[in-house]
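Presented below is the structure to which this report refers.
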Amino acid sequence: MDFELTDEQKAYRETLRAFVEKEILPVATEWEHSGRYPAEIVARMKQMGLFGLTVPEEYGGMAADMVSYALTFEEIARGWMGVAGVLGSHSLACWMIARHGTDEQRRRHLPDLATGARRTAIALTEPGAGTDLQGIATRAVADGDHYVVTGTKTWITNARHADPLPVLVKTSVTEPAHRGMSVLLVDPGSDGFSVSRDLPKLGYKGTETCEVVLDGVRVPRSALLGGVEGRGMQQVLGGLEIGRLNIAARAVGVAQAAYDAALGYARERTAFGQPIAEFQAIQLKLADLATEIQAARLLTYWAASRADAGAATGARVDMEAGMAKYFASEVALKASLESMRVHGGYGYSQEFVVERLYRDAPLMAIGEGTNDVQRLVIARALISGKGHVGW
Ligand SMILES: Cc1cc2nc3c(=O)[nH]c(=O)nc-3n(C[C@H](O)[C@H](O)[C@H](O)COP(=O)(O)OP(=O)(O)OC[C@H]3O[C@@H](n4cnc5c(N)ncnc54)[C@H](O)[C@@H]3O)c2cc1C
């Protein structure tokens with residue numbers, strides 16, 4: 001059994017680390033507090049080809065294996081989780097277009113999305129439906145060779161930069177509801193389309209998260225993802241699977257940053273004439289965190305490598321991705337809080353990184369399906385016999 005990354009993956013991780021050390025970490029705290037958009041970092045990510053992570057090579061993408069994909073989110077989130085968010089829904093939507101789009105849709109969108117010349121996102125959630133996606137209210141009514149789309153989407157990350165924006169809609173109202181659901185690749189320049197407001201957030205700053213209004217937007221039938229109605233839910237669920245891997249990897253990055261900060265502080269801070277790292281109470285926290293972070297990392301790489309294996313056979317990895325996302329995000333929550341405790345009062349200061357990690361960590365327990373929902377997904381896989389525990 002070989003737990004090593006390949007030489008290529010190691011070299012890629014080193015490139016990412018150098019980028020994070022040099023171009024993200026020095027500005028993250030200041031830009032995050034001021035709410036500044038990380039435009040220069042986004043420009044560098046374009047140069048590095050990171051917007052093409054999930055785009056096939058024939059369209060100019062990197063076509064990264066899923067372990068390298070996870071490494072990308074882990075390393076960037078170690079520097080600033082919000083910046084990982086710039087790539088997150090973009091990569092998921094590129095993957096969906098590559099996997100499910102028609103030839104014409106792939107040719108039309110993927111080359112620009114791979115370079116970041118255009119970017120994308122994903123619009124599923126609505127004010128009245130998040131977990132229960134079959135309960136969405138956005139309707140697309142056929143009108144000749146167009147659909148007329150009406151509805152409101154909320155919590156849409158990267159909405160102001162998305163062109164096209166894949167939007168989950170109901171093209172017909174049927175039972176079961178998922179049979180009437182489709183994804184439309186909406187042109188943001190269309191009449192009736194607006195990004196109505198940026199939502200104020202606890203953390204996950206840097207990237208914008210918005211409400212989007214579609215008021216009678218005319219969308220050509222050629223923008224129906226895959227060209228066949230009724231496949232939207234299936235297309236989205238496949239995308240969310242790799243989305244959960246990216247959330248798991250981001251959680252590992254945030255947890256690692258919290259641990260690194262705790263270890264560094266514990267070595268330097270003295271109390272009662274010795275570094276606080278000498279106190280057993282602090283040592284126990286460090287040992288717990290190091291152990292749990294390494295377990296989260298292994299689970300995430302394992303799920304990613306299962307996804308690579310699944311890509312070859314078409315097998316889904318909902319259970320594996322759900323386990324990684326669930327476990328790693330709980331570890332990130334714990335790590336950010338325990339690191340704050342190690343820092344004492346300074347952990348509560350905006351001059352130390354821990355407070356940002358503490359504000360960023362909860363998103364990973366919510367986004368791409370809440371952790372309670374992940375637990376249900378895992379349980380269903382086990383009970384149905386599709387998922388197994390063991391090696
Ligand atoms: C910062 C941020 C960025 C986001 N970015 C995007 C984005 O880019 N695109 C997008 O489409 N969405 C995005 N989301 C939305 C996110 O995916 C949803 O918030 C999430 O899926 C939960 O949906 P909800 O908020 O409607 O909660 P609800 O579905 O209302 O859930 C509320 C509670 O009920 C529980 N619950 C619901 N159903 C069940 C069930 N069947 N069994 C047990 N418990 C249940 C949940 O676990 C949760 O505890 C983002 C959210 C945030 C906070």
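Both counts, for ligands and for their atoms, begin at 1 and track the order of listing.
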Worksheet item: Going by atom types only, do Glu104 and His109 share a side-chain donor-acceptor pair under 3.5 Å?
Response: no

Worksheet entry | Exercise check, heavy-atom protein proximity under 4.0 Å to atom 51 (C) of ligand 1 | yes

Fill in: ILVMFWY cluster membership beyond Val67 - transitive side-chain contacts under 4.5 angstrom
Leu5, Leu71, Tyr301

Fill in: Structural part of Leu124 in contact with ligand 1, heavy atom criterion under 4.0 angstrom
both

Item to complete: May I ask you to identify, for Tyr204, whether its side chain, its backbone, both or neither come under 4.0 Å of ligand 1 on a heavy-atom basis?
Response: side chain

Worksheet item: Is any side-chain heavy atom of Met96 less than 4.5 Å from a side-chain heavy atom of Val183?
Response: yes

Fill in: Nearest non-hydrogen partners of Thr152 and Thr138, listed with the distance
N-OG1, 3.8 Å

Worksheet entry | Within 45° cone of Tyr147 ring axis and under 6.0 Å: Arg221 NZ or CZ | yes

Discussion item. Which heavy atom of Glu229 sits nearest to which heavy atom of Ser182, and what is that distance?
Written reply: CA-OG, 3.6 Å

Fill in: Residue selection (non-hydrogen contact nearest atom 48 (C) of ligand 1) among Thr207, Val236, Thr370
Thr370

Worksheet item: Backbone, side chain, both or neither: what part of Asn158 comes under 4.0 angstrom of ligand 1, heavy atoms only?
Response: neither

Fill in: Sub-4.0 Å protein heavy atom near atom 34 (O) of ligand 1
no

Worksheet item: Which atoms of ligand 1 are found less than 4.0 Å from any heavy atom of Gly130?
Response: 23 (O), 24 (P), 26 (O)

Discussion item. Below 3.5 Å, N or O to N or O, backbone or side chain included: is there any such pair between Val373 and ligand 1?
Written reply: no

Fill in: Ligand-side contact atoms (ligand 1) for residue partner Ile156, heavy atom cut-off under 4.0 Å
7 (C), 8 (O), 9 (N), 10 (C), 11 (O)

Discussion item. Would Ile122 count as being in polar contact with ligand 1, using the rule that some N or O on each side must be under 3.5 angstrom apart?
Written reply: yes

Item to complete: Could you tell me which atoms of ligand 1, counted from 1 in the order shown, lie closer than 4.0 angstrom to a heavy atom of Leu363?
Response: 1 (C), 2 (C), 52 (C), 53 (C)

Worksheet item: Can you find a protein heavy atom under 4.0 Å from atom 15 (C) of ligand 1?
Response: yes

Worksheet item: For ligand 1, which atoms sit closer than 4.0 Å to a heavy atom of Leu376?
Response: 42 (N), 43 (C)

Worksheet item: Among protein heavy atoms, which sits nearest to atom 21 (O) of ligand 1, and what does the distance come to when rounded to 0.1 Å?
Response: Gly369 N, 4.0 Å

Discussion item. Taking the side chain as everything from C-beta on, heavy atoms only, tell me whether Leu165 gets closer than 4.5 Å to Pro188.
Written reply: no

Worksheet item: Less than 6.0 Å separating the ring centroids of His161 and Tyr37?
Response: yes

Worksheet item: Is there a donor-acceptor contact under 3.5 Å linking the side chains of Thr209 and Lys201?
Response: yes

Discussion item. Could you work out, for atom 29 (O) of ligand 1, the closest of Thr131, Thr209, Ile366 by heavy-atom distance?
Written reply: Thr131

Item to complete: State whether the number of non-hydrogen atoms from other residues, nucleotides or ligands found under 6.0 Å of Lys386 atom NZ is greater than 12.
Response: no

Worksheet item: Who's closest to atom 8 (O) of ligand 1 heavy-atom-wise, of Leu92, Thr157, Thr154?
Response: Thr157

Discussion item. Within the protein, is there a heavy atom lying under 4.0 Å from atom 42 (N) of ligand 1?
Written reply: yes

Practice prompt. Answer whether the closest heavy-atom distance between the side chains of Arg244 and Tyr326 falls below 4.5 Å.
Written response: no

